[in-house]
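The block underneath contains the structure these notes are about, expressed in structure tokens.
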Amino acid sequence: MSTIEDTRRFYARLMAANAGSSDPRLEEVFASVPREAFLGPGPWTIVAGNGRVTTPSADPSHIYQNVLVALDADKGINNGEPFLHAMWIGKLAPKLGETVTHIGAGTGYYTALLARLVSPGTVTAFELDDKLAHLARGNLKAYGNATVVHGDAVTMPLPPSDIIYVNAGVVAPPAGWLKALRPGGRMIFPWRPAERVPLAVMVTRTQKGFACDPFMRSWFIPCVGASVADLAAKIPTREQAARSRSIWLTSDKAPDRTATAIFGDVWFSSKNLSAKPGD
């Protein structure tokens with residue numbers, strides 16, 4: 001019979017393969033960080049479509065699959081799909097010594113993975129839910145470079161960051177999040193400007209501005225304080241959202257004819273930052 005170590009190792013190989021990352025450390029961290037340590041005592045509730053299935057026992061092997069594990073079923077909060085997070089983390093390509101801000105950390109599982117990948121760099125994890133923040137603090141005690149903040153990342157200032165990892169859906173990233181990105185910094189967030197426009201977006205801060213890449217469909221629970229558009233917003237269609245190639249602060253540049261979406265302080269453009277002026 002295979003041991004839990006064998007199960008974790010195979011799970012890690014699956015995660016790394018799905019991520020398509022060239023960084024061998026991705027498989028290493030998925031194998032070394034115990035997922036069950038962040039889920040509470042089993043048996044666990046698995047979210048399957050619109051239904052729920054309870055694992056037959058507290059054997060951790062049940063959760064080393066690409067399954068959503070409920071953290072707070074009443075609020076619709078789960079531990080996240082491992083395949084998706086492996087892909088996102090692989091796309092961000094965390095490097096040793098980088099500074100990470102994790103928004104919507106839940107109980108800290110993906111925070112722990114990020115902490116391992118950037119150590120001796122640091123991770124600041126924001127979690128608005130009091131219970132989850134308390135659990136995350138306990139779960140992350142073994143990760144000395146991770147700090148949990150029980151607070152609102154929408155209104156609180158973020159530390160200067162090389163990576164911002166957002167696990168709650170927003171109509172647009174708050175201006176403060178963009179400003180917190182260091183040169184060369186990357187942010188991934190779930191963009192939900194409209195009910196039928198759920199996209200994952202990668203943002204990179206370049207010398208020319210904020211380049212963006214809507215690279216896949218994605219759905220997360222709404223981010224409190226940043227998930228409802230105001231009446232003056234320009235809401236994009238799915239096609240317009242998918243054409244977005246850069247993000248601007250209105251304080252830096254007024255929206256122009258290339259605007260695909262406008263949300264107060266922030267607007268999206270179809271213009272690629274590598275394009276020549278006038279294109």
Side-chain angles (χ1 to χ4, degrees), residues 68 75-78 80-81 84-85 87-89 91-92 101-106 110 126-129 152-156 158 161 163-181 185-206 208-273 275:
L68 297 171
K75 293 182 179 179
I77 300 174
N78 58 63
E81 181 187 10
L84 179 145
H85 285 277
M87 187 186 302
W88 283 23
I89 293 172
K91 193 171 181 69
L92 286 166
T101 296
H102 186 187
I103 298 172
Y110 299 106
F126 285 82
E127 177 50 56
L128 187 60
D129 185 277
D152 185 355
V154 173
T155 58
M156 296 175 69
L158 302 190
S161 305
I163 290 174
I164 299 178
Y165 192 63
V166 185
N167 293 160
V170 297
V171 295
W177 295 4
L178 294 167
K179 292 176 182 178
L181 276 180
R186 294 88 68 206
M187 171 168 58
I188 278 184
F189 68 93
W191 190 22
R192 196 78 182 272
E195 183 66 25
R196 295 187 179 183
V197 189
L199 292 169
V201 178
M202 171 89 156
V203 177
T204 305
R205 185 166 194 169
T206 73
K208 294 182 178 181
F210 300 97
C212 79
D213 173 23
F215 66 95
M216 67 179 286
R217 288 176 59 84
S218 176
W219 189 91
F220 278 75
I221 63 170
C223 179
V224 175
S227 60
V228 179
D230 61 44
L231 295 177
K234 176 183 176 179
I235 307 295
T237 64
R238 189 180 305 175
E239 292 73 21
Q240 288 170 329
R243 291 203 315 270
S244 300
R245 293 294 179 268
S246 56
I247 302 178
W248 299 87
L249 301 174
T250 52
S251 58
D252 293 336
K253 180 181 174 72
D256 58 27
R257 62 182 177 80
T258 68
T260 54
I262 304 172
F263 299 95
D265 295 337
V266 173
W267 62 283
F268 293 71
S269 169
S270 60
K271 184 176 179 179
N272 191 312
L273 291 181

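Numbering of residues begins at 1 and proceeds along the displayed sequence. Given the structure is predicted, the values throughout are model-derived calculations rather than measurements.
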Checklist entry - Can you check whether F220 and W88 have ring centres sitting under 6.0 Å from each other? => result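 Yes: the rings meet the under 6.0 Å criterion.
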Checklist entry - Quick check, are the ring centers of W191 and F268 under 6.0 angstrom apart? => result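 Yes - the distance between ring centres of W191 and F268 falls below the 6.0 Å cut-off.
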Is the backbone of [Y] close enough, under 3.5 Å, to the side chain of [X] for a donor and an acceptor to pair up by distance?
X: W177; Y: A153; value: yes
X: R243; Y: S270; value: no
X: R196; Y: R238; value: no
X: W267; Y: D256; value: no
X: E81; Y: L68; value: no
X: S269; Y: S246; value: no

Item to check | Check ion pair K75-D129 (N to O, under 4.0 angstrom) | outcome: yes
Item to check | Salt-bridge contact K91-D213 (side-chain N to carboxylate O under 4.0 Å) | outcome: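 Here K91 pairs with D213 in a salt bridge, since their nearest N and O are under 4.0 Å apart.
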In Å and rounded to the nearest 0.5 Å, what is the [atom1] to [atom2] distance from [X] to [Y]?
X: I235; Y: F263; atom1: CD1; atom2: CZ; value: 4.0 Å
X: K179; Y: L158; atom1: NZ; atom2: CG; value: 12.0 Å
X: T250; Y: D265; atom1: OG1; atom2: CG; value: 5.0 Å
X: I163; Y: R186; atom1: CD1; atom2: CZ; value: 4.0 Å
X: N167; Y: F189; atom1: CG; atom2: CZ; value: 13.0 Å
X: T204; Y: M187; atom1: OG1; atom2: CE; value: 9.5 Å

Contact summary for [X] and [Y], nearest pair of heavy atoms:
X: V266; Y: P174; result: CG2-C, 4.4 Å
X: C212; Y: V203; result: CB-CG2, 4.2 Å
X: L199; Y: A241; result: CD1-CB, 3.7 Å
X: N78; Y: G80; result: OD1-N, 2.8 Å
X: V154; Y: V224; result: CG2-O, 3.5 Å
X: P193; Y: V197; result: CD-O, 3.2 Å

Checklist entry - Is P214 close to M202 at the side-chain level, that is, under 4.5 Å between some pair of heavy atoms? => result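 They are not in side-chain contact.
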Checklist entry - Is the closest side-chain heavy-atom distance between P190 and V166 below 4.5 Å? => result yes
Item to check | Set of ring pair (Phe, Tyr, Trp, His ring centres under 6.0 Å) partners for Y110, sequence neighbours left out | outcome: H85
